[in-house]
Amino acid sequence: MNRRFHDDQSRAPEFLRGESGLIQRVRRFLRDHFRGEAPHLVVGYSGGQDSLALLLVLGELERLGACRVTAAHVDHGLRPEAAQDAERVVEIGCALGVDVRVYRPETPLREQYRGRSVEDAARVFRYRTLASVVSTVNADAIAVAHHARDQAETVLLHVLRGSGLAGLSGMAADKVLPVPGSMSGVEMRVIRPFLHESPETLVELVERSGLPIIEDPSNTSPDFRRNRIRHALLPLMEDIAPGATGRLVSLADILRADEEALDDVSHLLLHRTTDDASRLVWDPIQGAPVGLQRRVVRHWILQSGFSGDLSRERIEAVVELTRRNEGGKQIEIGGGWSVRYAEGRLELRGRSH
């Protein structure tokens, strides 16, 4: 096969020696999350430091029979040098003996996703592309290189947005998510094996490899809020309270467990209060804490076919409708959908009503 990770040598490549701790932690992660099977993973490889570290580790684990790897590079076409960077990514893949597939949008992202920010449009296109690759090669999941600092940044972003528990719990290490911008029901499994690893650990591995890193200048631009959190807010927090980044990661873990517990309770309550016509019977929920009421309403709307952007404000408006006990009234929730309250039941109405 003429692959650096698939030759007849029994030892790991030189730059991976001494990294057995990281490799074994990721190997244990894969074993735990895929029930001992060797998963086929689509690695999102941007060419940057973190994604290169992920490709190195998963490449070694592929050599050890712990997984299979398909690398995918998404060229968003947003920078003049993007095409040249894509060529370098392929060259780095060749140096590792890894086949890197490059994907580009057929039409400019600004035209495809009018009304979205450039950052959001790139994210949507990237994940839709990676999900498509998973389907094409019959892989098990997408693997991305988010690490502990990324998790801390995500928590702080959601703090600034005024998010609830779901936002403050940050990113999940393993979760099935809807494919952004796709029809309801289209999902992708995303794993983050590095989520509890420090960025310094990944830096050390990449430096040992001697392989080049492709820097994206947008990662340092103050135009993006995440970059300002990374380069200004987090360092200030670490100066005030050393170890703040790790504590934010721990906070996300705690809140994610609480979020999952509340979700279990709300789904159980929802199952008991939905009638044969898929209406939500409100009387059994009337005395529940308002936070649980909001959660039940949210899950009921989403599982009933609504696929738009459901804001907390709209959920609160629906709950307030039941408090006022105004039969026959309805609340618009967006996209031509509304929730009507009558005879102690909530009914979701789509565009056809």
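Residue numbers count from 1 along this sequence.
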- Message: Can a side-chain donor-acceptor contact be found between Ser46 and Ser51 if the only test is distance below 3.5 angstrom?
- Response: yes
- Note on the structure: Hits for side-chain hydrogen bond (donor to acceptor under 3.5 Å, both in side chains) against Arg345, two or more places apart or cross-chain, chain-then-number order -> Asp275
- Set of residues satisfying side-chain hydrogen bond (donor to acceptor under 3.5 Å, both in side chains) with respect to Tyr341, sequence neighbours excluded: Asn325
- Set of residues satisfying side chain to side chain contact (heavy atoms under 4.5 Å, CB included) with respect to Arg68, sequence neighbours excluded: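 Partners of Arg68 by the side chain to side chain contact (heavy atoms under 4.5 Å, CB included) criterion, ordered by chain and then number, come out as His40, Glu62.
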Sidechain-backbone polar pair: [X] side chain, [Y] backbone, donor-acceptor under 3.5 Å:
{"X": "Gln49", "Y": "Leu202", "result": "no"}
{"X": "Arg256", "Y": "Ser169", "result": "yes"}
{"X": "Ser250", "Y": "Gly246", "result": "yes"}
{"X": "Arg189", "Y": "Asp174", "result": "no"}
{"X": "Ser132", "Y": "Arg128", "result": "no"}
{"X": "Arg314", "Y": "Ser338", "result": "no"}
{"X": "His267", "Y": "Asp263", "result": "yes"}
{"X": "Arg25", "Y": "His196", "result": "no"}

Nearest 0.5 Å please: distance from the [atom1] atom of [X] over to the [atom2] atom of [Y].
{"X": "Ile191", "Y": "Leu30", "atom1": "CD1", "atom2": "CG", "answer": "5.5 Å"}
{"X": "Thr70", "Y": "Leu58", "atom1": "OG1", "atom2": "CG", "answer": "11.5 Å"}
{"X": "Leu346", "Y": "Ile331", "atom1": "CG", "atom2": "CD1", "answer": "10.0 Å"}
{"X": "Arg101", "Y": "Thr129", "atom1": "CZ", "atom2": "OG1", "answer": "13.5 Å"}
{"X": "His147", "Y": "Glu197", "atom1": "NE2", "atom2": "CD", "answer": "10.5 Å"}
{"X": "Arg230", "Y": "Glu153", "atom1": "CZ", "atom2": "CD", "answer": "4.0 Å"}

- Message: Set out, in order, the CA-CA distance, both residues' side-chain angles and the distance that settles side-chain contact (heavy atoms from CB on, under 4.5 Å) for Phe34 and Leu41, then state yes or no.
- Response: CA-CA 11 Å; Phe34 293 93; Leu41 303 173; 4.1 Å; yes
What about [X] and [Y], same hydrophobic cluster or not, with Ile/Leu/Val/Met/Phe/Trp/Tyr joined at side-chain heavy-atom distances under 4.5 Å?
{"X": "Val90", "Y": "Val74", "result": "no"}
{"X": "Ile333", "Y": "Val319", "result": "yes"}
{"X": "Leu195", "Y": "Val249", "result": "no"}

Please check if atom [atom1] in [X] has more than 12 non-hydrogen atoms from other residues, nucleotides or ligands closer than 6.0 Å.
{"X": "Gln84", "atom1": "CD", "answer": "no"}
{"X": "Arg324", "atom1": "CZ", "answer": "yes"}
{"X": "Arg323", "atom1": "CZ", "answer": "yes"}
{"X": "Glu37", "atom1": "CD", "answer": "no"}
{"X": "Arg225", "atom1": "CZ", "answer": "no"}
{"X": "Arg228", "atom1": "CZ", "answer": "no"}

- Can Lys175 and Glu187 be said to form a salt bridge (charged side-chain N to carboxylate O under 4.0 Å, His left out), step by step? CA-CA 10 Å; Lys175 191 166 186 178; Glu187 296 178 324; over 6 Å; no
N/O donor-acceptor pairs under 3.5 Å from side chains in residues 156-164, not counting sequence neighbours:
| unit_1 | atom_1 | unit_2 | atom_2 | d |
| --- | --- | --- | --- | --- |
| His158 | ND1 | Ser163 | OG | 3.1 |
| Ser163 | OG | His158 | O | 3.3 |

- Message: I need the minimum non-hydrogen distance between Gly47 and Val89, along with the two atoms involved.
- Response: CA-CG2, 3.9 Å
- Item | Pair Arg123 + Asp120: basic N to acidic O under 4.0 Å |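 Yes, this pair counts.
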- Message: If the threshold is 4.0 Å, N to carboxylate O, is there a salt bridge linking Arg295 and Glu259?
- Response: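 Looking at Glu259 together with Arg295, the answer is yes, because their closest N to O distance falls below 4.0 Å.
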Validation row: [X], [Y] side chains within 4.5 angstrom (heavy atoms):
{"X": "Asp264", "Y": "Leu268", "value": "no"}
{"X": "Thr154", "Y": "Arg226", "value": "yes"}
{"X": "Pro180", "Y": "Met188", "value": "yes"}
{"X": "Leu234", "Y": "Leu248", "value": "yes"}
{"X": "His146", "Y": "Val190", "value": "no"}
{"X": "Leu177", "Y": "Tyr127", "value": "no"}
{"X": "Asp50", "Y": "Phe194", "value": "no"}
{"X": "Leu56", "Y": "Leu211", "value": "yes"}

- For Arg27, which of Val57, Asp32, Leu64 qualifies under side chain to side chain contact (heavy atoms under 4.5 Å, CB included)?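 Considering Val57, Asp32, Leu64, a side chain to side chain contact (heavy atoms under 4.5 Å, CB included) with Arg27 is found only for Leu64.
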- Task: Among Val102, Ile92, Ile214, Val144, find the one that has a side chain to side chain contact (heavy atoms under 4.5 Å, CB included) with Tyr45.
- Result: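 Option passing the side chain to side chain contact (heavy atoms under 4.5 Å, CB included) with Tyr45: Ile92.
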- Message: Under the rule for salt bridge (Lys or Arg N to Asp or Glu O under 4.0 Å), what residues qualify as partners of Glu81, not counting sequence neighbours?
- Response: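 For Glu81 the salt bridge (Lys or Arg N to Asp or Glu O under 4.0 Å) partners, ignoring immediate neighbours, are Arg79.
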- Do Asp85 and His73 pass the side-chain hydrogen bond (donor to acceptor under 3.5 Å, both in side chains) test, and can you show the C-alpha distance, the side-chain angles, and the key distance before you say yes or no? CA-CA 10 Å; Asp85 287 348; His73 174 77; over 6 Å; no
Please tabulate, one pair per line, all N/O donor-acceptor pairs under 3.5 Å involving side-chain atoms of residues 283-293, not counting sequence neighbours.
| unit_1 | atom_1 | unit_2 | atom_2 | d |
| --- | --- | --- | --- | --- |
| Gln286 | OE1 | Trp282 | NE1 | 2.9 |
| Gln293 | NE2 | Ile285 | O | 3.0 |
| Gln293 | NE2 | Gln286 | O | 3.0 |
| Gln293 | NE2 | Ala288 | O | 3.4 |

- Give the C-alpha distance, both sets of side-chain angles, the deciding distance and a yes or no for salt bridge (charged side-chain N to carboxylate O under 4.0 Å, His left out) between Arg63 and Glu60. CA-CA 5 Å; Arg63 186 187 72 82; Glu60 170 62 8; 2.8 Å; yes
- Message: Go through it in stages, so that I can follow the logic: the residues are Leu205 and Thr201, the test is side-chain contact (heavy atoms from CB on, under 4.5 Å), and I'd like the CA-CA distance, side-chain angles, deciding distance and then a yes or no.
- Response: CA-CA 7 Å; Leu205 172 61; Thr201 299; over 6 Å; no
